[in-house]
Amino acid sequence: MPQIAKVIVDVPTMQTNRPYDYQVPDTLLDHIQPGMRVAVPFGKGDRLIQGFILTIQDQANFEGQLKPITAVIDLQPAVNSELLQLSSWLAERTYAFQITCLQTMLPSVMRAKYSKTAQLVDEIDPALQASLFNGNDELTFDQSLAPDKLKQLMHLQRQGKLEVVYHVDDRARVKQLTAIEPALSFEQLEEARTGLRKSAQKQQQLISYLQSLIGQPNPLLKDVLATTIFTRENIKTGADKGWLRQVKVEAYRNPYPKTVTTTQKMALTDEQKRAVDAVVTATQNQSDRVFLVEGITGSGKTEVYLQTIDAVLQQAKTALMLVPEIALTPQMVKRVKGRFGDQVAVLHSGLSEGEKYDEWRRIERKEASVVVGARSAVFAPLENIGVIIMDEEHEASYKQDESPRYHARDVAIWRSQYHHCPVILGSATPSLESRARAQKGVYQLLRLTQRINQQPLPAVELVDMRVAMKQQASSNFSPALLDALKDRLQKGEQSVLLLNRRGFSSFIMCRDCGFVLQCPNCDISLTLHMDTHSMKCHYCGHEEAIPRTCPNCQSRQIRYFGTGTQKVEAELQELIPTARILRMDVDTTRKKGAHAKLLKRFGDHDADILLGTQMIAKGLDFPDVTLVGVINADTALGLPDFRASERTFQLLTQVSGRAGRADKTGAVIVQSFNPENYAIQFAKQHDYEGFYQYEMAVRHRGGYPPYYFTVQLTISHPEEALAAKKSFQIARQLRPVLSDQAIVLGPTPKSIARINNRYFYQIVIKYKQEPQLQAKLAEILETTQIDTRHGFKIGLDNEPLQFT
DNA sequence: AGCACGCCGACT
DNA sequence: GTCGGCGTGCTC
């Protein structure tokens with residue numbers, strides 16, 4: 001019976017976003033399986049591309065002549081049945097191509113690279129061969145190939161003297177090392193010894209050494225050379241005489257070679273114990289319940305995760321723990337590895353491609369049963385998952401900002417339903433979406449209100465910058481903050497300074513009264529557009545002139561808001577010349593490992609003040625930091641995004657938690673032009689619940705998530721008028737299928753209206769229940785496919801986090 | 001994406 | 001007359 005494989009091909013377009021039928025050659029029949037990568041001919045020229053086998057069946061849907069699969073790339077399926085199903089779901093939910101989803105789930109080295117070579121199949125003029133092929137008979141096509149040479153090649157191809165050969169290169173390489181293995185038995189070696197001269201001391205010793213290896217695991221050559229008296233030459237002699245064999249062994253690139261000190265379970269508080277018990281009970285009952293652990297900083301959320309993982313491992317299941325990229329510090333890894341040892345695999349962007357591949361293989365081979373990783377680790381090929389944990393679940397980095405625009409939280413919940421296991425979402429400041437679900441009973445709320453060390457949360461002092469500016473204009477430092485910094489310097493204690501860089505220069509604020517220009521219709525800040533010299537609302541398109549004086553207090557001190565870290569560093573150095581300042585921002589942490597190095601230097605007291613952007617707010621824990629200063633609390637508030645308050649609250653709460661975590665009490669100083677703003681006030685009080693209630697009312701009033709679902713369409717074109725026209729055309733198509741409950745915002749131009757010479761427009765749909773919406777959006781994507789030929793790009797983001 | 005087919009302007 | 005421009009259609 002002929003076997004037909006349904007293959008998803010690596011051609012990310014709308015038209016090819018479906019399985020293609022291929023014939024399975026008899027030679028491949030016995031080991032081909034769904035989930036394997038294959039190389040298949042595709043299109044007129046039969047160029048070779050990578051594909052994924054979805055299913056194997058005995059009937060083809062396609063009427064025409066089927067092409068055979070050229071080769072199977074994998075020995076084992078690269079994607080198991082669960083992840084295959086997940087890729088379909090993900091493609092549908094995020095409006096992405098299934099091939100893009102499949103590639104996203106795998107380490108990047110498993111994505112094929114393509115190349116094309118020209119191969120001579122007949123004799124040609126030797127002079128031509130010399131000039132074209134440099135004397136060889138093969139030549140790779142690349143961008144450096146001159147057009148006239150290309151012409152000559154095509155001519156030869158038409159004459160049948162040259163063939164174009166396509167290559168699919170799997171870059172997934174297994175690292176191999178050489179090991180030493182005795183080739184003879186103990187007795188045979190002894191026999192070999194008798195043939196030696198007495199003086200051949202080294203060889204005698206080598207034989208004894210080989211005898212001692214029998215029954216032992218084969219040592220690596222490099223270890224033998226490093227730890228024994230034998231040289232490379234001795235080993236070679238042994239191999240030549242047939243005493244030993246040099247064998248290739250697979251090795252993992254180990255990103256954490258240092259042995260970690262084991263750590264012990266900590267005693268749990270009653271609250272922690274209750275949380276662990278609740279989740280562990282769920283794991284025993286195979287329940288796919290979602291728990292929201294709302295725990296203040298220092299309440300020991302991590303210990304709850306670790307003990308839950310421990311219980312899950314005892315049930316012979318596996319565990320997946322997601323952590324935001326910036327929180328995935330060496331300290332964090334050490335803590336988990338210290339508890340669970342070598343069965344932990346770590347996946348994050350700091351690893352090389354090869355290291356990621358090796359960690360992935362360890363998981364796939366069931367050598368690792370605990371996975372710790374950032375967003376994409378949610379696709380780790382674990383089987384029999386017992387719990388999925390997502391720390392800092394409110395973090396925006398869990399949402400991928402390119403296709404497939406998935407949220408790791410949604411994937412985690414999907415997988416938990418597949419594995420019948422619970423999910424823990426943990427945060428000191430849960431996203432409103434999650435907290436609201438806990439309110440409705442969709443998730444189960446577990447609160448940790450006590451700090452482990454029984455210390456009070458640090459006192460937060462608000463400094464009104466409107467007042468400070470009057471005394472000392474144009475300084476980023478209020479007298480209060482400056483005095484506190486000097487005080488810590490004198491005591492030999494450390495300080496952390498946060499510069500909030502979000503919303504840099506994009507909005508304007510009055511320096512006298514803190515007034516931020518708002519849209520009259522939307523309760524959202526207007527964004528400054530320098531290209532059109534106007535203030536615009538990104539939601540409704542409202543536009544007005546840039547004010548010269550403050551509409552609130554008539555001051556002329558109304559201007560763009562924003563400051564860079566370098567400028568602040570220079571200013572601070574001038575104000576406190578003796579302070580050793582460490583600056584941490586995108587510029588100083590670009591290189592691999594730079595982030596960790598900076599943190600280590602600070603931990604080693606190489607500096608007194610750590611100055612940085614948001615990245616300093618996460619997870620770092622230095623016992624000698626007794627002061628946290630926030631230079632500008634309000635910049636995020638000026639963003640044209642309804643989540644601005646939520647982000648500000650989260651950020652302030654997080655940095656506050658950095659102060660005085662050990663025995664020393666900490667202080668927090670927050671500079672703000674809007675000290676009365678509710679997000680800042682609730683953060684000062686460490687009152688998440690209060691903020692949650694208040695913000696929910698604001699969201700309710702404005703009709704924003706979690707009261708509404710949202711979906712964002714982005715339309716772009718090199719010509720602005722065409723982008724605008726197409727957007728309105730799409731909006732017109734949408735309205736008829738929507739109910740009265742749905743709200744269509746826009747089309748409006750995006751805040752950065754032009755990127756790479758393309759003009760961007762967006763449409764945001766807010767809705768509660770629109771059964772027809774998903775299908776209509778998919779249809780729009782389909783029908784606008786023709787337009788991509790004419791320079792249009794249409795993108796869809798389900799539940800966007802960024803509205804800029 | 002990338003390849004072939006197809007239909008119009010400036011060259012041997 | 002042909003070479004080659006890129007608009008259009010299709011890929012099992």
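Sequence lines set the chain letters: A, B, ... in the order given, protein chains first and strands last, and positions in each chain run from 1.
With hydrogens and angles disregarded, no donor-acceptor distance shorter than 3.5 Å links the side chain of His717(A) to the backbone of Leu722(A).
Distance, Phe97(A) CZ to dA1(B) C1': 11 Å, rounded to whole Å. When the C1' atom of dG2(B) is taken as reference, atom CE of Met154(A) falls 13 Å away, rounded to whole Å.
Residues from residues 38-50 of chain A lying near DNA chain C, meaning a heavy-atom separation below 4.0 Å, are Pro41(A), Phe42(A), Gly43(A) in numerical order.
Relative ring orientation between His407(A) and Tyr398(A) is described as tilted, the plane-to-plane angle lying within the 30° to 60° band.
More than 12 heavy atoms of other residues, nucleotides or ligands shown are found within 6.0 angstrom of CD on Glu779(A).
Note that the CD1 atom of Ile780(A) and the CD1 atom of Ile763(A) stand 7.5 Å from one another [nearest 0.5 Å].
Here the two rings, on Phe379(A) and Tyr406(A), have centers that are under 6.0 Å apart. Aromatic ring centres of Tyr761(A) and Phe728(A) lie farther apart than the 6.0 Å criterion allows.
Contact annotation for Tyr166(A): backbone-only contact, meaning every heavy-atom pair under 4.0 Å involves sugar-phosphate atoms and none involves a base. If you check every strand for non-hydrogen atoms under 4.0 Å, His790(A) touches sugar and phosphate atoms only.
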Q.
Using the rule given for side-chain contact (heavy atoms from CB on, under 4.5 Å), can you reason through Tyr114(A) versus Asp10(A), listing the C-alpha separation, both sets of side-chain angles and the distance that settles it, and then say yes or no?
A. CA-CA 11 Å; Tyr114(A) 301 110; Asp10(A) 182 12; 2.7 Å; yes
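Dashed line: the shortest gap from a side-chain N or O of Lys116(A) to OP1 or OP2 of dG2(B) is not under 4.0 Å.
No side-chain heavy atom of Leu713(A) sits less than 4.5 Å from a side-chain heavy atom of Val764(A). For the pair Thr714(A)/Asp797(A), no side-chain contact is recorded, criterion being any heavy-atom separation below 4.5 Å from C-beta on.
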Could you list all N or O pairs between the protein and nucleotides 7-12 of chain B that sit under 3.5 Å apart?
none

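Cation-pi geometry between Arg361(A) and Tyr357(A) is met: the NZ or CZ atom falls under 6.0 Å from the ring centre, inside 45° of the normal.
Of the options Arg111(A), Met110(A), Gln98(A), a side chain to side chain contact (heavy atoms under 4.5 Å, CB included) to Gln103(A) is made by Arg111(A) and by none of the others.
First and last contacts of DNA chain C with chain A, using any nucleotide atom under 4.0 Å from a protein heavy atom and ordered 5' to 3', fall at dG4(C) to dC12(C).
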